[in-house]
Amino acid sequence: MKNVDLKIEGNKLIIAVNLEQQYGPSSSGKSITIASTEGNIAVPGREDIKIGLNIYKPRPKSASL
């Protein structure tokens with residue numbers, strides 16, 4: 001995982017992400033990756049429940065000269 005912290009409190013899944021971090025362009029190059037589980041993964045302590053998470057922002061357009 002990149003920049004994702006998962007924990008269980010009671011019956012709630014708590015997801016923490018630092019929105020200031022960036023991991024560069026996505027594979028398509030259209031967005032900047034902020035956080036990802038990098039596919040579907042099991043929720044900690046609940047192997048029967050899966051999560052797939054991607055957090056991103058649009059890539060800035062290049063300025064024309």
Side-chain angles (χ1 to χ4, degrees):
M1 289 190 298
K2 292 180 182 173
N3 189 24
V4 179
D5 182 35
L6 304 175
K7 67 179 177 178
I8 301 290
E9 288 185 4
N11 353 335
K12 294 185 180 181
L13 172 64
I14 308 300
I15 302 169
V17 171
N18 179 344
L19 297 176
E20 296 298 317
Q21 283 190 317
Q22 296 181 9
Y23 286 94
S26 63
S27 58
S28 71
K30 295 179 182 178
S31 59
I32 304 294
T33 302
I34 295 172
S36 178
T37 57
E38 300 177 306
N40 297 327
I41 62 166
V43 170
R46 293 292 305 265
E47 300 301 314
D48 59 322
I49 299 175
K50 309 294 183 196
I51 182 172
L53 176 74
N54 290 307
I55 299 178
Y56 58 92
K57 64 182 180 179
R59 189 170 183 183
K61 298 193 189 267
S62 299
S64 298
L65 297 176

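None of these values were measured; they are calculated from a predicted model.
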In short, salt bridge (charged side-chain N to carboxylate O under 4.0 Å, His left out) pairs touching residues 24-43 with sequence neighbours left out are Lys2-Glu38
Under the side chain to side chain donor-acceptor pair (under 3.5 Å) rule, collect the residues that match up with Ser27, sequence neighbours excluded.
none
Side-chain donor-acceptor pairs of residues 45-54 under 3.5 Å, sequence neighbours excluded:
from: Arg46; atom 1: NE; to: Asp48; atom 2: OD1; distance (Å): 3.4
from: Lys50; atom 1: NZ; to: Glu47; atom 2: O; distance (Å): 2.9
from: Asn54; atom 1: OD1; to: Ser36; atom 2: OG; distance (Å): 2.8

OH on Tyr56 to CD1 on Ile32, rounded to 0.5 Å
12.5 Å
Once side chain to side chain donor-acceptor pair (under 3.5 Å) is applied, do any residues pair with Ser26, and if so which ones, sequence neighbours excluded?
Ser28, Ser31
Euclidean distance, Asn18 CG relative to Ile55 CD1, rounded to 0.5 Å:
10.5 Å
Could you pull out every donor-acceptor pair under 3.5 Å between side chains of residues 4-17 and any protein atom, sequence neighbours left out?
from: Lys7; atom 1: NZ; to: Glu9; atom 2: OE2; distance (Å): 3.3

Could you check whether any side-chain N or O of Thr33 sits under 3.5 Å from a backbone N or O of Ala35, counting only pairs where one atom can act as donor and the other as acceptor?
no
After noting the C-alpha distance and the side-chain angles of Asn3 and Tyr23, does the key distance pass the side chain to side chain contact (heavy atoms under 4.5 Å, CB included) rule?
CA-CA 9 Å; Asn3 189 24; Tyr23 286 94; 3.5 Å; yes
